Structure formats: structure tokens, C-alpha cells
2 protein chains.
Amino acid sequence: MTVTTRRADAQRSIAAILTAAAECLGRDPAASTSEIAKAAGVGRVTLYGHFPSRAELVDAVFVQAIATGEETLGQVDLTGDPRDALTRLIESSWHLVDQYRALLLAAQDALPPGRVRELHADPMARVERLLERGRAENVFRTDLPTSWLVSVMHNVMHGAASEIQAGRITSDQAAPYITATLLAAFAPPKAE
Amino acid sequence: MTVTTRRADAQRSIAAILTAAAECLGRDPAASTSEIAKAAGVGRVTLYGHFPSRAELVDAVFVQAIATGEETLGQVDLTGDPRDALTRLIESSWHLVDQYRALLLAAQDALPPGRVRELHADPMARVERLLERGRAENVFRTDLPTSWLVSVMHNVMHGAASEIQAGRITSDQAAPYITATLLAAFAPPKAE
DNA sequence: CTCTTGTCGAACACCAGTGTACGAGTTACG
DNA sequence: CGTAACTCGTACACTGGTGTTCGACAAGAG
């Protein structure tokens, strides 16, 4: 209801800035507004005309990234054996994490503390739901809090992204490694 | 052989700067040289007299941190059942990770890429040795590369540090959570 | 005691980024 | 078409950091 009053050419600029920003920040989390404007084929002034500050731009890009990620994740089949569902979820999440790694860094130091986590609420809830179901069905461990398991998953995936960036593993290997690691970590401890 | 020619008073300054830097960077990874000098009770000029650049100062602090960490880690008993040894190693490493978390961040963006890892060589080798032994004794899995397991351990510990900093878990809970998670993740997958 | 080494503060040059102001030119939209 | 919306480049003010220079002064070493 706010939007109808934007001229077509302004909308094009905004879109161009958003995609250019996504691309630049994905390469270098510290990319400057000049860099982004140039990449968008737009004057720096125009950029500030649409986004009051660098922070708000980063926020917008991040929001968009989460939204498109959510769309992908929403199509993952989470029914059936929770272990298989988790495998599928990892397979999809993983690509997103790898892709948006640098953008996340940008967000972390341009946005107020807590904002990143706030925007992650939806994807996190999805994981949590799956884990809870797995716990209820006795295929995931219940001796650790669900939130901790979520955090472990998060960190292992981001760790894998670092390893790739450093050239120590390849993109192909990552998903199976992550899956093998997390399935083991999440299994109920066998009583000895 | 280089050192004997430093005046007592200069040595005091250097020490003060080093400890102040450790403290400041531990609070805020982006702490400025002014801040550090002030905290050390020393002029900014004096600081630059001993450390040619901010980067070299950070490097020196980091080197020192690793060294004292290594000292602690060197006292951990790594004999006996590798699982127990790993538990003890985690217990010790964990405190170090938590303590030096912010310093690590400082190092990561002040030092040339690869330098951080280079300085981590010793502690990483220690972990690797233990894991290799565990693999040889069939208590740790061999279907994933050792280097991956090391990375997982690293990331889980750092993840725990974030959780603490965000106030979602307490320092007490961390070690048992980490241990429980890693022991499960590292166990050989049971043939089904 | 003397001379070298170190310390101090203030000032300076420099850089890179952010955000703003201005005025002229262009483009969509009705 | 005409007007309002948009864009552009240049230039500016401001901020906050880094690293250097200077000259005066203190303090340790022999």
C-alpha cells in the first residue's frame, strides 16, 4: 500500500542497487557504497536517495536473501524419517549458507546486535520443528537442548564454508561430511 | 641475541602495552592504538616506538596468547582412552577459546590471511595427534578426514562461545555440551 | 655524571569512508 | 506536453582511524 507511487525508473534503480549490493557484499563484506553504486550502474547520490544509510541497504539485501532462501527451504520435504528429512534439509541449507556466507559477515557488523538473529527466526524455527519431531520419535537425542543442536548445525555448516573458502575441501565433499557429522552428533547416545 | 640492549624502562613499557592490548582487544576486537596506549598508561608515540604498526602489535599479542595457551594445553594428560583424553583436552581448550574469542576476531582482520592458521599450527597438531591415535584404536571414526574432525571441534567450541556471549547458555553448561556433542560426532558409525 | 635511550604530548599529513548540498539535465507519467 | 519525479557529477563537511615529526624532558646504564 505504500508502493504504487514509485516511478518505473526508480524501481529499476532500486532493483539494480539491491542485486549489485548482494553481489558486492557477497564478494567483500566491507564493500563501500561507492563500489555498490558503481556496480549497479548508478550514481552514489541515487543510492542514498533510496537507502538512507549503508546499514539500511545491508538490511534490505539481507532481508531479501533470507526471503529467497526461505522460498527454497520451503520446498524441502520434511516428512518421513527425521534423519532423512534432516539430510535433505542440510543439502538445501548448505548451498544457501555457502552462498550467503560473506553477506552474513557484512550484516553482522553493519546491523545492530540481534538483528541478524531476528531475521533468522524463520529458518531457525524450521530446523527446530524438525529436530523436535525427531526427538519425539526417539531418533534424535534429548539429553541436550534443541537450541544447542540448532547451534551445532549452524556452526558446522559455517565451518564447512570456511574450509571451502580456504581451499581445504571442495564444495562436493561438504554436504556428505556435514550430514555424516550431524547425524552422528544428533543420534541418541547409546546406553552402554 | 637481539634483546640484551633494551633498557629496563622500555621493557616495562612493552610489557604494559602487550597486556593492555590483550585486555582491550579482548573486549573490543577493533580497539584503536590510542585506546590501547591509554590503557597501558603510555603515550601513543611510545607504542609506535615499539610496534611499527597496529598489525604487528596484534600479531605480537596473538603470538603471546597462543604461547600461554600452549603451555596450559601441554599439561593435559592425553594418554589412556582417547575419548577420556579428548574430554580432558576439550575441558582445557574450551576455556582458552572462550577467553581469546575476541582476540581471534581482531587477529583475523588485522593479520594477513593464513597467518592465524599458521600460528594455530601447534595446537592443531596436538588435536590431530590425539584423533589419529583414537582412529588407530578404533574408537574414533575413520570415514571422514582427520582435518575435518579438527575443524568440527574448532567450530563447535567457537559456536559455544557465541552462545555464551549472547547469553543463551552459561559458561558451566558449555563444556559438557561440547563434549557430549563431539564424542558422538567422532564415534565410529555403527554398521546397521 | 654523562650520554644514550626512551618517553611525552601536541601537531600534522593522510586516507577512506559516510552522508549532504547544489544545480543542471533526463525520464516517465498523466 | 508539461510537470513532477528521478538521476547525475562534483564538491563539500565530517568522522575516526593510522602513522610521523618535532622538541623538550626524564631516566637508566656505565
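Here the structure is a predicted model, which means the values were calculated and not measured. The basis for the numbers below is simple: all heavy atoms, side chains too, and nothing from hydrogens, waters or symmetry mates. All chains are named by letter (A, B, ...) in the order of the sequence lines, taking the proteins before the strands, and each is independently numbered beginning at 1.
In this structure, the nucleotide among D:dT18, D:dG28, C:dT18 sitting nearest to the side chain of B:A8 is D:dG28. Closest to the side chain of B:Y48, from the set D:dT10, D:dT7, D:dT20, is D:dT20. In this structure, of C:dA10, D:dC6, C:dG19, it is C:dG19 that holds the atom nearest to the side chain of A:R54. In the set C:dC8, C:dT18, D:dA5, the nucleotide with an atom closest to the side chain of A:R7 is D:dA5.
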- Audit row: B:R126, B:L89, side-chain contact (heavy atoms from CB on, under 4.5 Å) steps and yes/no: CA-CA 10 Å; B:R126 171 174 284 112; B:L89 186 55; 4.2 Å; yes
- Item | Working for salt bridge (charged side-chain N to carboxylate O under 4.0 Å, His left out), residues B:R115 and B:E118 | CA-CA 5 Å; B:R115 176 66 177 153; B:E118 191 183 328; 3.1 Å; yes
- Check against side-chain contact (heavy atoms from CB on, under 4.5 Å), A:T72 and A:H95: CA-CA 10 Å; A:T72 304; A:H95 285 110; over 6 Å; no
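Atoms CG (B:D9) and C1' (C:dT7) sit 7 Å apart, rounded to a whole Å. At whole-Å resolution of the value, NZ in B:K38 and P in D:dG16 are 13 Å apart. Here D:dG17 presents its C1' atom at 15 Å from CG of B:L57, a figure rounded to the nearest Å. The nearest whole Å value for the distance from the CZ atom in A:F51 to the P atom in D:dC6 is 14 Å. For the pair A:Q11 CD and C:dA28 C1', the interatomic distance rounds to 11 Å; values are reported in whole Å. In this structure, B:I36 atom CD1 and D:dG16 atom P are separated by 18 Å, rounded to whole Å. The separation between B:E56 atom CD and D:dT18 atom C1' is 14 Å, rounded to whole Å. At whole-Å resolution of the value, CZ in A:R6 and P in D:dA4 are 19 Å apart.
How far OG1 of A:T142 is from CG of A:L149: 9.5 Å, rounded to the nearest 0.5 Å. Distance check: B:R101 CZ to B:L96 CG gives 15.0 Å after rounding to the nearest 0.5 Å.
Nearest-nucleotide mapping onto DNA chain D: of B:R12 and B:S34, the residue sitting toward the 5' end is B:S34. Each of A:A55 and B:T46 was assigned the nucleotide of DNA chain C with the nearest heavy atom; the assignment lying further toward the 5' end belongs to B:T46.
Contact annotation: A:S13 reaches the phosphate of D:dT7 (side-chain N/O to OP1 or OP2, under 4.0 Å). Not one side-chain nitrogen or oxygen of A:H50 sits closer than 4.0 Å to the OP1 or OP2 atom of D:dC6.
Remark: the B:R44 side chain and the D:dG19 base include a donor-acceptor N/O pair separated by less than 3.5 Å.
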